[in-house]
Amino acid sequence: MTNPVFCAIDRPDLAGALDLGRSLVGHVGGLKLGLEFMSANGPQGVRAIGEVGLPLFLDTKFHDIPNTVGAAVRAISTLEPALLTLHIAGGRAMVEAARNAVQGLAKRPRLLGITVLTSLDQSDLEATGISHSMSDQVLQMAELGIGAGLDGLVCAAHEVQMLRQHFGRGILLVVPGIRPNGAAVGDQKRTIGPTEAIARGADILVIGRPITQSTIPSEAAHAIAKELRQAA
């Protein structure tokens with residue numbers, strides 16, 4: 001199987017990010033750059049990480065008026081990322097503006113919708129005024145996003161099975177909050193292990209701290225990839 005692991009490089013220093021990215025070549029399927037890295041290093045930093053040679057997942061989390069998001073997606077697509085994210089809560093018109101911005105590009109990024117952040121649980125939803133269940137909210141956002149033309153969704157592993165049953169294999173499901181056995185949960189409230197996530201139907205696993213905070217990140221990534229191969 002192709003390695004489904006994208007390592008989350010959530011740090012501001014370009015030199016350290018480059019060293020980490022280079023050490024992971026052959027051990028992960030891609031690299032995810034978050035807002036911290038992109039805010040500190042901008043497009044030049046993204047281009048530098050791209051030269052490592054691994055597919056890039058830019059976790060942009062766009063959420064603004066449709067015209068602004070469309071223009072931002074068009075601009076960032078010049079960096080040729082494999083994946084981009086946006087908040088489905090921005091509404092159908094915003095999602096459609098993002099989709100229209102990438103149509104016709106020679107190297108079109110796949111657009112992923114964020115339903116509910118994996119750092120939130122039911123009590124957090126209720127605090128924002130959403131009274132129905134987490135699963136209902138996720139499904140409502142997912143239907144809106146896929147209906148508006150997204151390529152896939154970012155979701156918690158516990159939601160993968162529900163989304164697979166609802167949408168089938170035609171969409172990409174990307175799962176953050178993955179924690180191998182023994183890893184600290186941290187600020188993720190809805191986590192699961194890598195092999196179980198794949199078994200439930202996940203396509204891409206985003207794994208950060210269990211790799212990046214390891215004494216030897218390449219060995220941690222290699223161990224996860226080996227576990228996934230053995231379970232396949």
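Throughout, numbering of the chain's residues begins at 1 and tracks the sequence.
- Residue Ile224 is grouped with residue Val25 when hydrophobic side chains (ILVMFWY) are merged at heavy-atom distances under 4.5 angstrom, including chains of intermediate members.
- Each of Val73, Leu79, Asp151 was compared with Leu84 under the side-chain contact (heavy atoms from CB on, under 4.5 Å) criterion, and only Val73 meets it.
- Contacts of His132 classified as ring-ring contact (aromatic ring centres under 6.0 Å, His included), with partners at least two apart in sequence or in another chain: none.
- By the 4.5 Å heavy-atom criterion applied to side chains, His87 and Leu117 are counted as neighbours.
- Put simply, the side chain of Thr115 does not reach to within 4.5 Å of the side chain of Gln137, judged on heavy atoms.
- Screening residues 163-178 for side chain to side chain donor-acceptor pair (under 3.5 Å), with sequence neighbours left out, gives Glu143-His166, Arg164-Asp203, Arg169-Asp203.
- Under the 4.5 Å side-chain criterion, counting only non-hydrogen atoms from C-beta, Leu33 is in contact with Ile49.
- For the side chain to side chain donor-acceptor pair (under 3.5 Å) condition, the pairs that include at least one residue of residues 60-73, sequence neighbours left out, are Asp59-Lys61.
- The side-chain heavy atoms of Leu150 and Arg110, taken from C-beta on, include no pair separated by under 4.5 Å.
- Salt bridge present: Glu196 and Arg200 bring a charged side-chain N and a carboxylate O closer than 4.0 Å.
- Side-chain atoms of Thr78 come within 3.5 Å of backbone atoms of Ala75 as a donor-acceptor pair (strictly under, hydrogens ignored).
- What you find for Gly145 and Val95 is that their closest heavy atoms are O-CG1, 4.0 Å.
- Here CD1 of Ile204 is found 7.5 Å from CZ of Phe57. Values are rounded to the nearest 0.5 Å.
- Within the 4.5 Å cutoff, the side chain of Leu58 has heavy atoms near those of the Val46 side chain.
- Between the OG atom of Ser133 and the CG atom of Leu125 there is a distance of 9.0 Å, given to the nearest 0.5 Å.
- For Asn100 (side chain) and Ala97 (main-chain N/O), no donor-acceptor pair under 3.5 Å exists by modelled atom type.
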